[in-house]
Colleague: 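One structure coming up, written as structure tokens, with questions to follow.
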Number of protein chains: 2
Amino acid sequence: MAAPRILILGLEPQVDCGRWPAKACVGDRVPIEATVVRDGHEALRAAVRYKPPGGRWKEAQLSVDEPDRFSGTYPVDAVGRWRFQVEAWLDRHDGWLVEHDRKLAAGQADLTGELAEGEQLFGPGSVDEWRAAAPMLAATERHQAVRSGVLELDVERQLARRGAWYELFPRSWGGLRGVAEVIPQLAALGFDVVYLTPIHPIGETNRKGRNNAEKALPADVGSPWAIGAVTGGHDGVHPELGTLADLEALVAVGHEHGIELALDFAIQMSPDHPWLSEHPKWFQHRPDGSLKYAENPPKRYQDIHSVDWETDEREALWNALRDVILHWCAAGIRVFRVDNPHTKPVPFWEWLLAEVRSVYPETVFLSEAFTRPAMMTTLAKAGFSQSYTYFTWKNTREELVEFVEQLRSWSDYLRPNLWPNTPDILHAHLQQGGQPAFEARLVLAATLSPSYGIYSGYEACENSPLGAGGEEYLDSEKYEIKHRTLDGPLLPMLRRLNELRRAHPALTGQGLETLEWLETEGAQLIAYARPWRVGGVLVESVLVVVNLDPLSTSAGVCVVGDGLGLPESIDVVDGLHGRAYRWTTGRNYVRLGPGQAHVLVWTAEGA
Amino acid sequence: MAAPRILILGLEPQVDCGRWPAKACVGDRVPIEATVVRDGHEALRAAVRYKPPGGRWKEAQLSVDEPDRFSGTYPVDAVGRWRFQVEAWLDRHDGWLVEHDRKLAAGQADLTGELAEGEQLFGPGSVDEWRAAAPMLAATERHQAVRSGVLELDVERQLARRGAWYELFPRSWGGLRGVAEVIPQLAALGFDVVYLTPIHPIGETNRKGRNNAEKALPADVGSPWAIGAVTGGHDGVHPELGTLADLEALVAVGHEHGIELALDFAIQMSPDHPWLSEHPKWFQHRPDGSLKYAENPPKRYQDIHSVDWETDEREALWNALRDVILHWCAAGIRVFRVDNPHTKPVPFWEWLLAEVRSVYPETVFLSEAFTRPAMMTTLAKAGFSQSYTYFTWKNTREELVEFVEQLRSWSDYLRPNLWPNTPDILHAHLQQGGQPAFEARLVLAATLSPSYGIYSGYEACENSPLGAGGEEYLDSEKYEIKHRTLDGPLLPMLRRLNELRRAHPALTGQGLETLEWLETEGAQLIAYARPWRVGGVLVESVLVVVNLDPLSTSAGVCVVGDGLGLPESIDVVDGLHGRAYRWTTGRNYVRLGPGQAHVLVWTAEGA
């Protein structure tokens, strides 16, 4: 026969027809679905075959929940590239029994022929014996068995999905040793990752001054993203921050307190970077031989140079960049925040991430791809563990709903990390809304996404812009040293939210796939449920209601739909304030002050 | 580099990752879309490359309508398997000009370096000369060009998409010569295809009697689907219907009047079929050697036998079945209605259709796959030109909307053919609704789908069921001879609808992709627009409103939305009755008698 009689179609998860792997985390039960089609009416069976990296193929049965659509899950317990496929076959034993029973029920008297067929199929015995043997026979004797193509699944550790991030400029905290001192406090607040802006030597040539002034004054310290000076390049530590040994000590302190350090990986070089003289061919030049600097007209970045991805020395360049990451991995770093990956070739990232993970499989990469959806998603597909998103710019209910729906449509391959602020982005909503806006945005970030982060100063509601209509900070820390301590009115809320996130897998054990919107009456109220099911059973549900208006109280109704699987009377505790409420399936009256929120936790009895 | 820097993703149309071809018809401009991604900000270009069967590759430019998403069309002018792919490249010329202009606009004074680069790129000349040359240079000098994989497109003639079908039992019309006599009338009514139920000799052993009685009386004529007798099998003509020469003459008369004849292809054999003795191994036997008959417990079809698709003589069986089709093609038949294809292996159909089309490329196959969506769609993907649908069972507004939306989601590969009745299905809605129900269902079938058909008797509103709660006809024509003539109250409406369909490409020049639902107030009113655009410009639009209630008048409002592109004041003519109306963008009052409809035609000025 030209092709097998059973067809396996519509296998999911599948990213771009298998061009890229789907994603999962260690400890997940990975869902899989496939349509299995064969002519006729006979029963079909299907199983998922799956293979850990370096391990042997295993198998789990799939079941049919809707016609012709098989589904199930399989457990993944190790980091790396898994493989999976679906096998389907004809269950002639079940088919025979069903036909036999239907004929018997229809009063068909003479079944001699059928029984002779049964004996051929089952061997000697009675129909009852055959019925008992059928399930085992069906699983082992696989008639007309076919297998789908093999797909890949990229399994990472849980930190790839969930984590509370805190971003800081080490120079504002007394260098690497100063950061080490604040680690216990950050741990007590419940942060999982402390992300350091670049720690490398900073160029002096064309250095930018305070507030991004084109000319620096002698005392100006420059932007940490203008990487490279006589004292070193991407593998160096800025002398005023400390030494490699200080970094290793900081990693150790973090480890002691359950905090991981993340470094920044920005592929750009100050005019003083050693590579400019050591490897001139790695950089773009004008026809007259002069070096090109980075620009995006009318903006000019004369303090940094980009590499020439079309250089003849491409292999050496790629290897050198990989070795930068491996250097920091050797120092104990396993998390990297990658600066502007969308301005570098996608195949480079696909190669780099695979190279690093072949040595350090547990390495997590956060993509700072503030760019259009096509490139943002392509980088996620190419291997980034997680990605910055458009969250910062999504402030109205309509914007937030559209934003979350877009993330949900990407959930096979893109894991979001939601940041209400970054050193580059102080949104007008925060500038104008003050503390209530900071609070609302924090609750949204921490309860919508398993990963979220804040840039330091957020806890103190810092919101002075450089200029009206812009998103830059006044006296941006990018260009000067602050003298920071952990302080601010949002610290208690941060601690409560991070506690809730750790206590409730509904918030961090899964992506946005299972989020359910709750209908609200009241234009500024947004509400959603984060259900958590184990083996299909609802174990807990977190109901979040946020007043998006930072200036006024909002009162209205929040509707808990029947479809959520909650009891008619719902006893909940507000995780933010500890108050207990009795809600109902149906309409619930809500009244929230400016920017205030409910984070209501419902737990199933016995759970 | 490991992989090209430009990536082409999400290419459409693509059916199951290219496992099957998408479909189009001769004369179409085939739409194509792809996401093209590259790092950085430089301009990209893309084109579709396409290749007719046996011809050479051609090219058409694509344009960017939304960010990173290229789209366009290409014309197909021949039947067969076309190939297509997308090519994308970097437009360095445009990139240079844009950067130059932005710097100039920003007042950047010294552009010496930039101009030197420009000269390297464009050659000697001025910026104005370069600007003039840029489009041509961009089209020919393709930097970093990449091509997607090659996909296939199955192009059929327009009859694969659109046609009005009339099904008849030739024995009720005086045999093949009698049918030839009625062809001019059917042509005058506007039918495109006359589909004859099986014309082959009918078995006598275990013949079914009238009303599907298990035992036939001596005078009973049997079911035409119990194929095969001493006088011949699938390649024979029933002696009482005429001869092969009569069929060829009928084909010729059809041709003269613009009507195609369709034959039925049912792979099942009466106990008297010559193949049972000539090729016993092609059929299933019990262990005791007795032949199995077809059954679907508790139903038994003792008058027919199915073939054994697992036979060792598979190749001979497949070839014999193919030769049946080729035999009728040689007699001039180019349209086949295939009986129950879902009970035969999909790979068989994929092979058979390709084999037949390698000799007669213009052959159209209609799939009678009244089965679950997975198999119905898989047969369409495997090569059937068009498919029966669930239309017969979709009678309420909600059912119809869901039905049409499902068809729309399949439009890359499944072309629907809507039948309000068949010899097997007389729906309760027609039994109870009488003539108004027949009228409403006819308007729906003829205006929702480019292909529709009726089984004879529909025009006379025949609706006597065999029993209550069933869908079988009383005194079904399947088991007895009627003496039919073309007559009945629906003939004028049939003629008007077929005229409208031929006059308006909005109804038959496209599938359901462009259908737009119109909001109605009035539970029993359903309304939709069928717009027709040429090169993006709206040329005509047919607005259909149907009162689904066969018992009562419905009055209400039909809302014409802004999005339809119609003028504020819409002058329309009702194609059913010729009356003129002035409608508006907005709310229009509608009042329709039981089962009555508007088919309002709007034509753009100058069109």
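Quantities reported herein were computed from a predicted structural model and do not represent experimental measurements.
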Colleague: For the residue pair A/W349 and A/F384, is the inter-centroid distance of their aromatic rings smaller than 6.0 Å?
Modeller: yes
Colleague: What class does the angle between the rings of B/W309 and B/F348 fall in, given that below 30° is parallel, 30 to 60° is tilted and above 60° is perpendicular?
Modeller: tilted
Colleague: Applying salt bridge (Lys or Arg N to Asp or Glu O under 4.0 Å) between A/D91 and each of A/R38, A/R45, A/R142, report the one that passes.
Modeller: A/R45
Colleague: Quick check on the interface: out of B/V37, B/I6, B/D39, who has the most heavy-atom pairs with chain A under 4.5 Å?
Modeller: B/D39
Colleague: If we define contacts as heavy-atom pairs under 4.5 Å, which of A/L7, A/N340, A/T35 has the most with chain B?
Modeller: A/L7
Colleague: Look at the side chain of A/W130 and the backbone N and O of A/G123, then say whether any donor-acceptor pair between them is shorter than 3.5 Å.
Modeller: yes
Colleague: Taking NZ, NE, NH1 and NH2 as the nitrogens, is one of them in B/R5 or A/E310 under 4.0 Å from a carboxylate oxygen of the other?
Modeller: yes
Colleague: So which of A/E119, A/Q14, A/R69, A/Q144 has the largest heavy-atom pair count under 4.5 angstrom toward chain B?
Modeller: A/Q144
Colleague: Tell me, out of A/E114, A/E315, A/E350, A/K381, who's got the most heavy-atom pairs with chain B below 4.5 Å.
Modeller: A/E114
Colleague: If you count heavy-atom pairs within less than 4.5 Å of chain A, which of B/C17, B/A106, B/A369 leads?
Modeller: B/C17
Colleague: Between B/E99 and chain A, which part of the residue has a heavy atom less than 4.5 Å away: side chain, backbone, both or neither?
Modeller: both
Colleague: Taking every heavy-atom pair that is under 4.5 Å apart, which of B/K292, B/R19, B/Q108 has the most such pairs with chain A?
Modeller: B/Q108
Colleague: Between B/M375, B/H342, B/E117, B/K344, which has the largest tally of heavy atom pairs under 4.5 Å with chain A?
Modeller: B/E117
Colleague: Name the member of A/E295, A/Q120, A/H41 that forms the most heavy-atom pairs with chain B at distances under 4.5 Å.
Modeller: A/E295
Colleague: Against chain B, label A/D288 side chain, backbone, both or neither, depending on which of its atoms sit under 4.5 Å from a heavy atom there.
Modeller: neither
Colleague: Hydrogens and angles aside, do A/D65 and A/S71 bring a side-chain donor and acceptor to less than 3.5 Å of each other?
Modeller: yes
Colleague: Measure A/K103 against the heavy atoms of chain B and call it side chain, backbone, both or neither at under 4.5 Å.
Modeller: both
Colleague: Hey, do the aromatic rings of A/Y293 and A/Y301 have their centres closer than 6.0 Å?
Modeller: no
Colleague: Relative to chain B, which segment of A/T378 carries a heavy atom at a distance below 4.5 Å: side chain, backbone, both, or neither?
Modeller: side chain
Colleague: Is the count of non-hydrogen atoms from other residues, nucleotides or ligands lying under 6.0 Å from A/E214 atom CD greater than 12?
Modeller: no
